Enquirer: 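The structure is given below, and queries will be raised subsequently.
No experiment lies behind these values; they were computed from the predicted model shown.
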Amino acid sequence: MLKLPRQMPRDTRDTLFLLGVIALIVLPQLPNLPLWCIALALVVLLWRGALAWQAAPLPGRWWRIGLLALALGATFATHRTLLGKDAGVTLVVVLLALKTLELRARRDAFVIFFLGFFAMLTNFFYSQSLLTAAAMLVALLGLLTALVNAHMPAGRPPLMQAARTAGWMALAGAPVMLALFMFFPRLAPLWGTPNDNMTGRTGLSNTMQVGTIAELALDDGIAARVRFDDGRMPPRDRLYFRGPVLSRFDGREWTALPPWERGFLPANLRVRGEPVRYELTLEPSNRPWLLTLDATPQAPAVEELRIFQTPDLQWMSSRPIGDLLRYRAESWTDFDSGPQRRLPGLQVYTALPPDRNPRTAELAAQMLAQARAEAGGGDATAALVALALQRLRTGGYSYTLEPGVYGDETADEFWFDHKAGFCEHIASAFVVLMRAAGVPARIVTGFQGGEINAVDRYWTVRNSDAHAWAEVWEEGRGWVRVDPTGAISPDRIGQFRRLSPQPGLLAGAIGAMSPTLAQNVRAIWEAINNGWNQWVLNYTKSRQLDLLKKLGFDSPSLADLAWVLLWLLVGASLAGGAWTLWERSRIDPWLRLLGRARARLLRAGIELPPQAAPRLMGERLAERFGAEASAPVRAWLLRLEAQRYGRAPTESLRALRAQFRRLRWPAAGG
């Protein structure tokens with residue numbers, strides 16, 4: 001904590017402390033706020049701090065009205081509305097900063113306190129991570145400290161005293177908070193805004209543009225975590241997590257086919273071997289996709305979501321996934337799907353834009369002729385695929401994050417000119433080659449691979465594991481997975497040696513000191529964050545009901561949760577009341593009655609030290625109001641003194657309390 005000068009006036013100290021707490025609340029919101037909002041809030045807080053330091057007068061009403069009008073206009077110009085999450089958060093931050101410009105009385109401070117509590121909650125609209133929660137806990141203690149300090153108007157109590165009181169208040173409220181967390185019924189998420197800005201970074205999107213990005217940035221953010229039952233993980237080269245399937249190509253961009261253009265082909269999934277059972281924790285993506293291992297016949301067990309499977313085997317949700325989602329699934333890694341004989345609906349998967357990639361079309365004709373010769377009159381698809389993969393393995397092609405920008409003929413340039421690209425270039429060129437030969441083919445996007453976290457043993461799938469592969473249709477088999485990237489770079493699929501950019505200055509320095517230190521620190525942090533996700537963010541309704549089953553409920557429901565919560569709150573209230581009574585019993589009843597008498601005299605304008613005896617109180621009362629007017633009260637005070645210190649008290653403390661209530665005490669000015 002910043003050590004302020006001892007001679008600083010209390011108002012200045014308290015104002016600067018409150019401004020610091022406000023800055024701490026707003027700091028995590030900076031990536032979500034417009035630049036003008038950040039600048040305005042910073043200028044206002046610095047301005048208010050300078051005014052407090054110099055003990056200068058606050059700006060007038062017209063200044064504040066002008067700044068408010070400017071903020072409203074800028075908010076509307078930025079968001080085109082004054083309502084909604086983004087506009088609302090912007091306004092809350094601006095209003096919190098502007099309110100400090102009229103911080104004159106305790107009433108203004110209380111408005112700032114409670115507006116600060118609300119602004120603190122808005123941080124969770126954008127992130128519910130462990131770091132956000134920790135930052136907001138510090139901000140909460142800061143606001144509570146300022147609030148306690150405001151309730152100590154006399155003197156100049158140190159801020160540390162208010163901080164200790166705030167800490168004890170937070171600890172006292174922790175049991176109630178825990179009860180609310182565990183038993184308050186889980187409700188559907190209220191916030192979530194789709195975002196499709198993955199351009200230039202690894203990750204999953206519902207479109208794929210080929211050749212427009214010269215350099216791909218690796219995003220090591222976590223996409224999902226997987227825990228395999230009994231640790232039975234499939235072979236690494238079969239860890240394909242299925243996402244959007246892209247089948248329409250306009251020469252540069254691949255997109256998904258709408259349902260009415262898919263030819264109503266059945267999924268017809270045929271699995272072989274033993275299933276893989278696992279639990280997957282999906283990070284918020286603001287997408288309606290549910291990741292599963294390829295392929296999953298039965299719907300994953302997801303709460304409070306309507307999910308369905310498309311004919312191309314992708315599992316979808318009825319709404320975007322805006323919160324952490326955990327579900328169980330059962331998948332097979334050995335499978336075929338789709339029709340086993342050629343149907344008219346497959347023609348859509350051979351479509352190509354006209355007059356594009358002529359060299360690829362010529363290459364496809366040559367390869368098809370060779371494949372037919374090798375197939376001896378049978379289906380030549382398998383032979384054609386083998387020839388294409390052989391060309392990728394031996395033709396000088398490379399897998400790189402920096403392929404450069406492609407022109408309009410993306411397939412031609414890959415096969416004959418660049419001969420370099422990341423998985424989207426390779427998969428796209430391969431599918432175009434297959435289609436040019438008349439073979440139905442499509443692109444599947446998703447994630448391939450991952451890594452084990454040595455601390456908590458969860459399999460971690462990152463955005464940098466995003467991948468694109470192909471599916472081709474073969475007579476008698478249906479859709480078959482082909483990953484052409486594996487032909488160029490087998491390590492990308494098997495051993496998981498990923499392409500990576502040069503490390504930053506800090507990461508490079510840590511790596512120079514200890515090659516494994518940064519990796520170990522990251523594993524520990526991700527394990528801790530995963531624990532937060534599993535036990536806090538993923539505390540779902542089913543886990544609440546499971547807890548009730550352990551408590552003895554046969555068929556628990558939300559109503560049972562409400563009853564349990566109600567009884568816990570009643571019990572907490574009774575415990576608090578009992579604690580208060582116990583605390584009162586610890587104080588000497590005679591001293592408590594004497595304190596009440598001192599409080600009455602203080603109302604009459606007579607200030608007395610805490611150690612003043614009843615006789616001294618009576619003397620001061622007589623000096624102020626006269627002997628005759630104060631006689632009844634003075635007599636009572638003497639009887640109170642005799643009750644404690646007399647040799648043979650004649651009245652009980654209970655009788656003295658009753659007399660105290662009937663006394664007419666002199667009033668100030670009387």
Enquirer: Would the Y349 and W479 ring centres measure less than 6.0 Å apart?
Expert: yes
Enquirer: Tell me if a side-chain donor or acceptor on Q340 pairs with a main-chain N or O of G476 at a distance below 3.5 Å.
Expert: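 Present.
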Enquirer: Closest heavy-atom contact between S428 and I443?
Expert: CA-CD1, 3.7 Å
Enquirer: Will you find, in the side chains of T292 and Y327, an N or O donor that is under 3.5 Å from an N or O acceptor?
Expert: no
Enquirer: Mind checking whether R277 and F228 have side chains closer than 4.5 Å, heavy atoms only?
Expert: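 SC-SC contact between R277 and F228 ruled out.
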Enquirer: When you compare the side chain of F447 with that of L291, does any pair of heavy atoms fall below 4.5 Å?
Expert: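 Side-chain contact under 4.5 Å: yes.
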Enquirer: Taking I488's backbone N and O only, do any of them form a donor-acceptor pair with R393's side chain (distance below 3.5 Å, no angle check)?
Expert: no
Enquirer: Which atom names give the shortest non-hydrogen contact between P28 and M136, and what distance separates them?
Expert: CG-CE, 3.6 Å
Enquirer: With a 4.0 Å cut-off, would you call R462 and E451 a salt bridge?
Expert: yes
Enquirer: Without swapping roles, check the side chain of W459 against the backbone of G449 for a donor-acceptor pair under 3.5 Å.
Expert: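 Side chain of W459 to backbone of G449, a donor-acceptor pair under 3.5 Å: yes, one is there.
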Enquirer: With a 4.5 Å limit on heavy-atom distance, are the side chains of T310 and V245 in contact?
Expert: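 No, too far: nothing below the 4.5 Å cut-off.
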Enquirer: So does R341 have more than 12 non-hydrogen atoms from other groups sitting under 6.0 Å from CZ?
Expert: no
Enquirer: Residues two or more places apart in sequence or in another chain: which of them pass side chain to side chain contact (heavy atoms under 4.5 Å, CB included) with Q29?
Expert: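 Residues passing side chain to side chain contact (heavy atoms under 4.5 Å, CB included) with Q29: N32, L33, V89, T122, N123, Y126.
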Enquirer: Would you say the side-chain atoms of Y458 and R225 include a donor-acceptor pair closer than 3.5 Å?
Expert: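 No, because no side-chain N or O of Y458 sits under 3.5 Å from a partner of the opposite role on R225.
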Enquirer: Sub-3.5 Å donor-acceptor pair from the side chain of S317 to the main-chain atoms of R319, do we have one?
Expert: yes
Enquirer: Might you point out which heavy atoms bring I222 and E283 nearest each other, and give the distance in Å?
Expert: O-CG, 3.2 Å
Enquirer: Under 4.0 Å between a side-chain nitrogen and a carboxylate oxygen: does that hold for R272 and D336?
Expert: yes
Enquirer: Rounded to the nearest 0.5 Å, how far does CZ of F241 lie from CG of L290?
Expert: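 If we round to the nearest 0.5 Å, L290:CG and F241:CZ are 13.0 Å apart.
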Enquirer: Test side-chain hydrogen bond (donor to acceptor under 3.5 Å, both in side chains) on H79 and T90; report intermediate values, then the result.
Expert: CA-CA 9 Å; H79 302 288; T90 300; 3.1 Å; yes
Enquirer: Not counting sequence neighbours, which residues clear side chain to side chain contact (heavy atoms under 4.5 Å, CB included) with R342? List them please.
Expert: L346, Q347, T350, P440, W473, E475
Enquirer: Any chance you could measure R270, atom CZ, to R477, atom CZ, to the nearest 0.5 Å?
Expert: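 Nearest 0.5 Å value for the CZ-CZ distance: 9.0 Å.
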Enquirer: Do the rings of F249 and W254 sit parallel, tilted or perpendicular, given the 30° and 60° boundaries?
Expert: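 Aromatic pair F249/W254 classed parallel.
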Enquirer: Would one find more than 12 heavy atoms of other residues, nucleotides or ligands at under 6.0 Å from atom CZ of F118?
Expert: no
Enquirer: Taking D230 for its side chain and R232 for its backbone only, find out whether a donor-acceptor pair lies under 3.5 Å.
Expert: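 Here the side-chain-to-backbone pair does not exist.
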Enquirer: Tell me the closest heavy-atom pair linking Y278 and S331, and the distance in Å.
Expert: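 Closest approach of Y278 to S331, heavy atoms only: OH-OG, 2.7 Å.
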Enquirer: Run through D465, L293, V276 and flag the one making a side chain to side chain contact (heavy atoms under 4.5 Å, CB included) with L239.
Expert: L293
Enquirer: Given side chains that start at C-beta, do those of L384 and V439 come closer than 4.5 Å, heavy atoms only?
Expert: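 Counting from C-beta outward, L384 and V439 do come under 4.5 Å.
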Enquirer: Identify the heavy atoms of A468 and D483 that sit nearest to each other, and give their distance.
Expert: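 Answer, listing the atom of A468 first, then D483: O-OD1, 4.2 Å.
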Enquirer: Rounded to the nearest 0.5 Å, how far does CG of L433 lie from CG of L392?
Expert: 8.5 Å
Enquirer: Nearest 0.5 Å, please: how far is CE in M233 from CZ in R238?
Expert: 13.0 Å
Enquirer: How about P339 and N268: do any of their side-chain heavy atoms sit closer than 4.5 Å?
Expert: no
Enquirer: Are side-chain heavy atoms of T207 and L246 found at a separation under 4.5 Å?
Expert: no
Enquirer: Side chain to side chain contact (heavy atoms under 4.5 Å, CB included) between T445 and H467: does it pass, once the steps are laid out?
Expert: CA-CA 6 Å; T445 61; H467 192 52; over 6 Å; no
Enquirer: Is the centre of the F414 ring less than 6.0 Å from the centre of the Y397 ring?
Expert: yes
Enquirer: Quick one: pull up CG in L352 and CE in M434 and give me the separation to the nearest 0.5 Å.
Expert: 11.5 Å
Enquirer: If you define the side chain from C-beta out and look only at heavy atoms, does anything of W289 sit under 4.5 Å from I321?
Expert: no
Enquirer: Does W469 form a side chain to side chain contact (heavy atoms under 4.5 Å, CB included) with T485? I'd like the steps, not just the answer.
Expert: CA-CA 7 Å; W469 59 94; T485 302; over 6 Å; no
Enquirer: Under the salt bridge (charged side-chain N to carboxylate O under 4.0 Å, His left out) rule, collect the residues that match up with R442, sequence neighbours excluded.
Expert: E471
Enquirer: Do you know the tightest heavy-atom contact between G421 and I426?
Expert: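 Closest pair (atom of G421, atom of I426, distance): O-CD1, 4.0 Å.
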Enquirer: Let's go through T460 and I452 carefully: what are the C-alpha distance in whole Å and the side-chain angles of both, what is the deciding distance for side chain to side chain contact (heavy atoms under 4.5 Å, CB included) to 0.1 Å, and is it a yes or a no?
Expert: CA-CA 6 Å; T460 304; I452 191 73; over 6 Å; no
Enquirer: Rounded to the nearest 0.5 Å, what's the gap from CZ on R328 to CD on E279? Could you check?
Expert: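 Those atoms lie 6.0 Å apart.
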Enquirer: Are any of the side-chain heavy atoms of T333 and Y240 separated by less than 4.5 Å?
Expert: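 No, every pair of side-chain atoms sits at 4.5 Å or beyond.
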Enquirer: Go through the steps to decide whether T400 and F422 satisfy the test side chain to side chain contact (heavy atoms under 4.5 Å, CB included), and finish with yes or no.
Expert: CA-CA 5 Å; T400 176; F422 34 87; over 6 Å; no
